[in-house]
Structure formats: structure tokens, C-alpha cells
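Each remark here refers to the structure printed beneath this line.
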Amino acid sequence: MNVRLFRPTVGEEELQNIREVFDRSWLGLGPTVTQFEKAWSQYIGAPTSVAVNSGTAALHLALARYGFPEGKKVLVPSLTFVASATCILYNRLKPVFVDVDPETLQVDPDDLERKADADCVAMVVVHFGGHPAPMERILEVARQKNLKVIEDCAHSAGGEYPTGALAGRKLGMLSDIGCYSFEEKKGMTCGDGGMLSSPDPELIEPLRAHRWIGIDKDTWKREKGLAQEAAESRHWHYEVSVLGYKYNMNDVAAAIGMAQLEKLDGFNARKNEILTRYLDGLAHIPRVAPLLPYHLSGSSYHMFGVRLPQGERDAWILHLKGLGIATGVHYMPIHLHPLLQREWEGADPTPVATGLWESFLTLPMHTALTDAEVDHVLHGLSSFPG
Ligand SMILES: *Cc1c(COP(=O)(O)O)cnc(C)c1O
């Protein structure tokens, strides 16, 4: 048995949508992207959304929207994928690494509050693993310290906030801007793709130009007050007034996304079944604990992980590999990458994350995983010779 770690689930529905795009022979930024943006906005409860070609691009544009002065600081948890922080560097801002809660592995609001000094302008909040970050405290700190909040929802497409006044709201719609990834390993995929959504359309709309070189085909007509006829004969005209990027989604990716979005709630429901099976099995395996306090209602968990006894991870990886079971590690804290080590000095800024990550192991979880495969992984864990 070979059990994959992640695997997208795509089928006839995606192929049919791609066929329609082919029949139209319009593959670039076009009507299917617009259709996907509308469908996504409706699903997530946003007035408007902007589709881009990756989650990384979404994060870059979200921060760029504010035009923060060079050198200002942005808070980011250290336990995440590097793209949560490279967006800060793209904008010539300085990352400040925030530690995580040892139980939930989500950003620690106390550390956030401690580190949010007068130079901090924003924070990137990650719902790590798909588990909701403690948004009520986070938003309270943001209010006090006057910080913009960007949610990195690469792990949490379709999940809902579970408790309190925000209960039932979709993750990504709790802050200023939500950024999503449709990379192939994420909750739903376009091959590659990303999305920006916000409760405030004025934050999002200007980014349409930024995601497409800076081209804005509509505002020049309005601004110049051209008559309909003159505007039509000038169909070739466009103006570039902002520095944009080649970050647009294309219609082929959007066609895949349309079919995936229809399946997203089903994907998350199937993942909850898989998680339930894993958690039930794990209860009988000493020495292996679940990575997160999984809370399976309205959730959108991106991965399933465990915590192993310190110092044993390599042996567990090899044991599972021998049984055909792929594993991963999510993540080495990002401040330990050489690129980001340059951004801090002195004592480790996030000792909890640094102390814990070497016990983490990610196990296979994707919507095509069968119960037999889950049982095989559980058997692999219980048969570890130790
Ligand atoms: C995957 C990921 C991203 C980036 O998404 P891409 O679509 O691959 O660019 C950003 N943040 C986190 C936490 C991720 O896991």
C-alpha cells in the first residue's frame, strides 16, 4: 500500500468546465474568472473578491494595498509557511515573529500584544492547520494598537469561526482582508490560484488593477467622461497608473475552481470523517498525541498531524516509509530559515514554536484517503518498535 500525504480530488466536473473554456477559446483573464469571483464571494459572504494566481500573490497584494512606509513592522506567527512572511519582505517591511500557544499552535495573543510596538502597522494571522486562530483577542489587540489584520486562510478554505460573537462567520471574513490559496495541496484547488476577499469592497476593488500589471480598463472611461461612442471606438485604450504585477488568475484555473467550490463543503465533511477515525484510533496508541485540539464542527482542517516523543521523529518517519506511508513536517518555524534569520538577533523570538516543532509529524490526509488507508497509517503508528 502506498499512502500519499496530500492529493487533490479532481474529476469529470472539472474536465467539463475546462472543456467549456476550450470551446470558447478564451484561456486568459476572462469571464470564467469573474464568474468564479462571484461564486466565491457568495460562498464566503463577501461583497467582492479578486482572483489571483497564488495565495502568495494574494498576501503580497493585501499588504501592498495599504502602502505602508518602508521599514515599518508586520507581526507574523513563526509556525507557518514562509509565504506568510515573504509578503512582508516584498513590501519592504520588517517581519516580527510571534510565538504560538503550545496547545492550539495558533498565534499567542499575549506575545502579539507584547511585541506590537509603535512601529508595527499590521499583522498576518494564520489559521494554522485549519484550526481557527483566537480572533476575538487578536482583533482586540489590533484595535488597541491600531493594526491592520490580514488573515492567511491558505489552510482554512470554507471553515467557520466556532465560538463567541463571531461564531458562524467564515474564516477570512473576520478581519480586514482574507487571503486564500488554491494550490494543489490546499482545501480546494485550481492547480495554482488564490483569492482576496474582504467585508470592505473599497479595500479589494483597487487590487483588480494591481493584479494585472496596473491596467485599469474602466476608470479612464469614467474619469474622462467619454461618450459611449467615443469609448467604444477606443476599445484598444488602457492606462497604467499604478505599479501592478502579473498576478491574475486565468479562465482555465477558474474553471477548475468553479467545480472545486461546489465540492468544498463535501471535502471538509469527508476530512472530518477521516479525522474522527484518526482521533479514535490514536486514543489507543500511547506516546502519540494529536497535533491540534481538533474541533470538528464547521471546520476546514488542512492537515492531520501528531506529536511524537522528542528526538524520535526520524525513526518514526523511516518506520512509516517502510510501510508505504508518506509523511511530512509542517513546519520548521519560519524564523529559522536563513532568509528570515537575518530579520532578528539575540534570543530566539519564539521559543515555544522552536521547542515544539521537532516533535511534529504530518500524516496523510486528503479527501480521497480511504478508511482502509487510515487504518493502515494507524497500524503503522501502533506497530512502531519502541
Ligand atoms: C500554501 C500557503 C501559502 C501560499 O499559497 P500559494 O498558493 O502556494 O502561493 C500561504 N500561506 C500558507 C500558510 C500556506 O500554507
Side-chain angles (χ1 to χ4, degrees), residues 50 52 54-100 107-126 128 133 137-154 175-179 194 196 198 200 202-204 206-207 209-211 213-214 240-247 331-354:
V50 170
V52 290
S54 73
T56 304
L59 288 164
H60 180 178
L61 293 187
L63 263 184
R65 176 67 182 89
Y66 296 102
F68 293 126
E70 184 171 344
K72 290 287 183 189
K73 297 182 192 165
V74 178
L75 299 137
V76 62
S78 63
L79 192 60
T80 182
F81 182 59
V82 281
S84 306
T86 49
C87 61
I88 300 169
L89 301 182
Y90 296 156
N91 283 287
R92 297 169 183 266
L93 301 166
K94 190 166 171 51
V96 175
F97 301 102
V98 184
D99 217 341
V100 296
V107 65
D108 173 4
D110 294 331
D111 199 40
L112 197 63
E113 191 169 3
R114 260 193 303 277
K115 287 175 176 160
D117 66 18
D119 288 327
C120 290
V121 289
M123 60 172 97
V124 176
V125 174
V126 185
F128 170 75
R137 285 278 325 274
I138 289 168
L139 294 174
E140 184 53 39
V141 174
R143 257 191 304 274
Q144 279 169 15
K145 309 271 182 171
N146 198 21
L147 303 172
K148 302 297 179 193
V149 183
I150 290 163
E151 277 172 276
D152 178 346
C153 297
S175 60
D176 295 300
I177 302 180
C179 296
L196 295 122
S198 170
D200 178 1
E202 305 216 336
L203 275 177
I204 291 293
L207 295 175
H210 289 85
R211 65 133 177 229
I213 320 293
V240 173
S241 48
V242 296
L243 177 63
Y245 302 87
K246 177 63 186 175
Y247 276 175
Y331 295 92
M332 177 175 84
I334 56 173
H335 70 294
L336 301 178
H337 286 285
L339 173 75
L340 296 169
Q341 269 180 21
R342 290 179 215 139
E343 304 292 329
W344 59 279
E345 54 192 23
D348 189 308
T350 67
V352 174
T354 303

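This structure is a prediction, so every number in the text was calculated from the model and none was measured. Numbering of residues begins at 1 and proceeds along the displayed sequence.
A donor-acceptor pair under 3.5 Å links the side-chain atoms of D176 to the main chain of V149, judged by distance alone. In this structure, the side chain of N91 does not engage the main chain of L93 through any donor-acceptor pair within 3.5 Å. Of the possible donor and acceptor atoms, one in the side chain of E151 sits under 3.5 Å from a partner among the backbone N and O of S175. Here the side chain of R65 pairs a donor or acceptor atom with the backbone of L203 at under 3.5 angstrom. When atom types are taken as modelled, the side chain of K115 and the backbone of P349 share a donor-acceptor pair closer than 3.5 angstrom. With D99 contributing its side chain and V352 its backbone, the two residues share a donor-acceptor pair below 3.5 Å.
Contact record, H335 with S78: ND1-CB, 3.5 Å, taken as the closest heavy-atom pair. What you find for V125 and A133 is that their closest heavy atoms are CG1-CB, 3.7 Å. Annotation for V76 and A85: closest pair CG1-CB, 4.3 Å, computed over non-hydrogen atoms. Taking each heavy atom of I334 and P77 in turn, the nearest pair found is CD1-O, 3.7 Å. Closest non-hydrogen pair, C179 versus A62, comes out as SG-CB, 3.7 Å. Taking both residues in full, the closest heavy atoms of P95 and I88 are given as N-CG2, 3.6 Å, listed atom of the first, atom of the second, then distance.
In this structure, Q144 places its CD atom where more than 12 heavy-atom neighbours from other residues, nucleotides or ligands lie under 6.0 Å away.
Contact of the E343 side chain with the K94 side chain is registered, since non-hydrogen atoms from C-beta on lie closer than 4.5 Å. The shortest distance between side-chain heavy atoms of E113 and R137 falls below 4.5 Å.
Expressed to the nearest 0.5 Å, how far CG of L89 lies from CG of L340 amounts to 6.0 Å. L79 CG to F97 CZ: the interatomic distance, rounded to the nearest 0.5 Å, is 12.5 Å. Distance CG/L59 to OH/Y90: 9.5 Å, rounded to 0.5 Å. Of the inter-residue distances, the one linking M123 atom CE with K148 atom NZ reads 11.5 Å to the nearest 0.5 angstrom. In this structure, the separation between CD1 on I177 and SG on C153 is 11.5 Å, given to the nearest 0.5 Å. To the nearest 0.5 angstrom, L207 atom CG is 5.5 Å from L61 atom CG.
The residue from L75, N146, L112, V74 that alone fulfils the side chain to side chain contact (heavy atoms under 4.5 Å, CB included) condition with C120 is L75. For the side chain to side chain contact (heavy atoms under 4.5 Å, CB included) with V126, the qualifying choice from V100, V107, T80, I150 is T80, the only one to do so.
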